[in-house]
Amino acid sequence: MFCRNCGAEIPDGVYFCEKCGAKTEEQQNVYAGEFYENAPADYTEPLNTTKWIILGVLSAFFCCMLGGIVTTVYAAKANGNVGAGDIEQARDNLKTAKQWFLATMIIAAIEFVFGLLIALAG
């Protein structure tokens with residue numbers, strides 16, 4: 001059997017792809033609520049890098065260009081790491097992308113508050 005997500009060969013009876021963490025066809029009906037039954041103890045959900053790439057691009061356009069670009073670059077690196085099977089490095093890059101996005105949003109909020117105060121004072 002082959003993984004529908006990354007194409008890696010998966011032995012029969014395995015519920016999650018060892019390369020990308022995606023559910024196998026045998027695991028499709030086992031999902032129950034917020035957790036997976038029969039999941040390995042060290043299993044974590046696959047990384048959602050696309051969401052962070054989109055948020056980085058949007059923040060670059062509408063908020064802070066530097067923070068948005070850095071967020072997008074690290075999220076894209078994480079996406080490449082997932083494709084290469086280096087999940088640990090992908091997690092590190094995605095964590096950095098999230099931190100840059102949060103910093104960008106904090107800076108945008110501060111800029112908004114100061115802009116509002118200046119507009120009200122003037």
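This chain uses plain numbering: 1 for the first residue, then up along the sequence.
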Supply the atom-to-atom distance [X] [atom1] to [Y] [atom2], rounded to the nearest 0.5 angstrom.
X	Y	atom1	atom2	result
Glu9	Cys3	CD	SG	12.0 Å
Thr71	Leu102	OG1	CG	9.5 Å
Asn81	Arg91	CG	CZ	11.5 Å
Glu111	Ile106	CD	CD1	12.5 Å
Leu94	Gln89	CG	CD	11.5 Å

- Task: Determine whether Phe61 and Leu58 make a side-chain contact, defined as any pair of heavy atoms from C-beta on separated by less than 4.5 Å.
- Result: no
- Given the rule that I, L, V, M, F, W and Y join up when any side-chain heavy atoms are under 4.5 Å apart, are Ile107 and Leu116 in one cluster? no
- Task: Determine, using the 4.5 Å side-chain heavy-atom cutoff (strictly less than), whether Phe112 and Leu120 are members of one ILVMFWY cluster.
- Result: yes
- Could you list who else is in Tyr74's hydrophobic cluster, with ILVMFWY side chains joined at under 4.5 Å, directly or through other members? Leu66, Val70, Trp100
- Might you point out which heavy atoms bring Asn79 and Ile53 nearest each other, and give the distance in Å? CB-CD1, 4.3 Å
- Can you name the closest pair of heavy atoms from Met105 and Ser59 and give their distance? CE-CB, 3.8 Å
- Query: Would you say Thr49's side chain and Ala78's backbone share a donor-acceptor pair under 3.5 angstrom?
  - Reply: no
